[in-house]
2 protein chains.
Amino acid sequence: MKLQSDKTIRVGILDDHRIVIQGIQTALNDFDNVSVVCAAETKEDILPYLENIDILLLDINLGHEDGVMLCKQFKDSHSEIKIICLTSFTQVSFIKAMLRNGADGYLFKNVTTDELINAIQAVYAGERYLGNEVNEELIKYSLEHNRQSHAFIPKLTRRENEILSLIIDEFTNQEIASKLFISLSTVETHRMNICAKLGAKNTAGMVRNAIKFGLA
Amino acid sequence: MKLQSDKTIRVGILDDHRIVIQGIQTALNDFDNVSVVCAAETKEDILPYLENIDILLLDINLGHEDGVMLCKQFKDSHSEIKIICLTSFTQVSFIKAMLRNGADGYLFKNVTTDELINAIQAVYAGERYLGNEVNEELIKYSLEHNRQSHAFIPKLTRRENEILSLIIDEFTNQEIASKLFISLSTVETHRMNICAKLGAKNTAGMVRNAIKFGLA
DNA sequence: GCAGTAGTAGTGGTTTACCACTGATTTTGC
DNA sequence: GCAAAATCAGTGGTAAACCACTACTACTGC
């Protein structure tokens, strides 16, 4: 299969899921003018190759590393490189963060081969490319401030996490209030909010779900 | 490449990330005796195929659907099917939940092709297979959390276990009394005894310790 | 037959959690 | 610098949990 450009586009992959790397390589294999020149699972492994690739496909969730930060670092050290974020994260906050940090494209991992190739071509040509579903997500977000989106793991605030831990450690609301130098009613308010966020009806469900979601 | 078994193992994939599906298909492509017969992104899409596959590779985070629940549903409706969880979630709570819901294997998505094949073979042969890193995670967890649990696992009576389950399922004492056709005070008595046996001071500690001791 | 355990049930409390509101102040994100 | 989120705090009430007792019955094992 032949692409418009005559020059071969050198693509690098940084993703800690080997299955994903394999999937991308297979998808791009049929295209003569795109070549996967390196695939790495960590920042250290990809660094030596950065100077020899045109486009980097970058995941956000890289085990202990943060793809959002890496995007900025790579763009700072290698300004000529184009970065397409390829991730499972559909939250608008991540899309915005990546674009703010210099990403040239954003695709969800349910991308089709066609769209992946389109994205690579567009970004290589200097355009910005967002996947169809990415655009949909952005539009949906701007229309209705959909806070919950598809957050599978509820996100608690710093204070809520603090109080949740104390609840699980068997402290009563009054004890927590004294410990944190806040009033009883404040603790009760937080407690209600935690319950709601965790989809629980009472203390039992709250603790159960907290452990289930790995928040404890 | 030839596997031990003569019969072709029919594999199905349920994952909402097409790249992942593609990666698995590629990885399994080289093996004659394993065949990916279907790949779906939603529960509805996979349902018609369940009767014709031996092993299902199942993700946990499926957009709006919950893989943990689906595992139980599939096992209930198709008891002969083997399920291997293939996911990014490394939390022990998810591993336990999947195994409790009947999963036969658990792998993280950074699995190698070799290990994926090993897992499929083992599970097809009736064994349970957990990935190396999955095992490491479980060991790490048990070292961190279960210091005393080896020494002392509280023994609850049949009735106490019954009531504990209902408490964890967010039922109030009154609701439990009605459900079991016993009086409120009986439930309260049992509840006090459970608390004492689990070394807990209140509902939060009771649920926490019940899960810690593996009673939930 | 008797001790031990499990299950049941009661009285009469006190303490805590749950809940629906409202609203102020501070911090954070664009 | 504005808007949103987070944090803090209150009223006033109901529901539920917590607690210390006692005590009957049925079953189990020696």
Side-chain angles (χ1 to χ4, degrees), chain A residues 68 72 91-102 138 141-149 151 154-210, chain B residues 154-210 215:
Chain A
V68 180
K72 190 171 172 55
Q91 289 100 322
V92 170
S93 59
F94 284 110
I95 303 172
K96 288 183 175 177
M98 286 303 283
L99 296 178
R100 211 170 25 244
N101 282 357
L138 285 170
Y141 178 83
S142 65
L143 286 179
E144 27 150 347
H145 292 295
N146 195 356
R147 301 193 322 111
Q148 294 196 356
S149 65
K155 183 142 174 53
L156 301 187
T157 67
R158 181 189 59 80
R159 202 56 151 176
E160 283 165 353
N161 270 308
E162 198 171 1
I163 286 168
L164 176 59
S165 288
L166 292 170
I167 291 170
I168 293 173
D169 282 344
E170 303 190 308
F171 291 102
T172 67
N173 289 344
Q174 186 53 67
E175 288 167 342
I176 294 170
S178 305
K179 230 177 175 44
L180 301 181
F181 303 106
I182 56 181
S183 87
L184 175 64
S185 54
T186 302
V187 179
E188 284 182 329
T189 304
H190 283 305
R191 194 180 184 121
M192 288 297 100
N193 292 336
I194 296 168
C195 255
K197 282 189 180 178
L198 296 189
K201 288 163 64 181
N202 54 29
T203 304
M206 193 161 53
V207 174
R208 180 197 57 184
N209 292 344
Chain B
K155 193 154 168 54
L156 300 187
T157 68
R158 182 190 58 79
R159 203 55 153 175
E160 284 165 352
N161 270 308
E162 198 172 3
I163 285 167
L164 176 59
S165 288
L166 292 171
I167 290 170
I168 292 173
D169 282 345
E170 302 191 310
F171 290 102
T172 66
N173 289 344
Q174 187 52 67
E175 287 167 343
I176 294 169
S178 305
K179 227 173 177 47
L180 300 181
F181 303 107
I182 56 181
S183 88
L184 175 61
S185 52
T186 302
V187 178
E188 285 181 329
T189 304
H190 282 307
R191 194 180 185 123
M192 290 295 101
N193 292 336
I194 295 168
C195 255
K197 282 188 181 180
L198 296 188
K201 289 162 64 180
N202 54 30
T203 304
M206 192 160 56
V207 174
R208 180 198 58 184
N209 292 346
L215 301 172

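Chain naming here is simple, since letters A, B, ... match the order of the sequence lines and numbering starts at 1 in each.
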For C/dG10, does either OP1 or OP2 sit under 4.0 Å from a side-chain N or O belonging to B/Ser185? yes
How many whole angstroms separate atom CG of B/Leu184 from atom C1' of D/dA17? 10 Å
Going by heavy atoms in the side chains, are B/Arg191 and B/Thr203 under 4.5 Å from each other? yes
If only side-chain N and O atoms of A/Arg158 are considered, is one of them under 4.0 Å from the OP1 or OP2 phosphate oxygen of D/dA6? no
Contact check, side chains of B/Ile194 and B/Ile163, non-hydrogen atoms, under 4.5 Å: yes
Length of the CZ-P vector between A/Phe171 and D/dA17, whole Å: 22 Å
Here's a test of your reading of the structure: between B/Asn202 and B/Arg159, which maps to the more 5' nucleotide of DNA chain C? B/Arg159
Under the side-chain contact (heavy atoms from CB on, under 4.5 Å) test against B/Val187, which residue among B/Asn173, B/Thr172, B/Leu166, B/Ile167 passes? B/Asn173
Using only side-chain N and O atoms of B/Asn173, determine if any of them is under 4.0 Å from OP1 or OP2 of D/dA17. yes
What nucleic acid atoms does B/His190 come within less than 4.0 Å of, heavy atoms only: base, sugar-phosphate, or nothing? base
Of all the nucleotides listed (D/dC8, C/dT16, C/dC18), which has the minimum atom distance to the side chain of A/Thr172? C/dT16
By nearest-nucleotide position on DNA chain D, the 5'-leaning member of B/Thr189 and B/Thr203 is B/Thr203
In whole Å, I'd like the distance from the CD atom of A/Glu160 to the C1' atom of D/dA6. 8 Å
CE of B/Met192 versus P of C/dG7: gap in Å, rounded? 17 Å
Under 4.0 Å between any heavy atoms, over every strand shown, what does A/Ser183 touch: base, sugar-phosphate, or nothing? Just pick one. sugar-phosphate
Between A/Thr189 and A/Thr186, do the side chains contain an N or O donor and an N or O acceptor separated by less than 3.5 Å? no
Would one find a side-chain N or O of B/Arg191 under 4.0 angstrom from OP1 or OP2 of D/dA17? yes
Checking all strands, does B/Thr186 fall into the base, sugar-phosphate, or nothing category for heavy-atom contacts under 4.0 angstrom? base
Distance in angstrom units between B/Glu170 CD and D/dA15 C1', rounded: 16 Å
Could you state the CD-P distance from B/Gln174 to D/dT14, rounded to the nearest angstrom? 18 Å
Can you tell me how far P of C/dA17 sits from CD1 of B/Ile167, to the nearest Å? 16 Å
So which atom in B/Met206 and which in B/Leu198 form the shortest heavy-atom distance, rounded to 0.1 Å? O-CD1, 3.5 Å
Rounding to an integer number of Å, can you tell me how far A/Glu188 CD sits from D/dG13 C1'? 12 Å
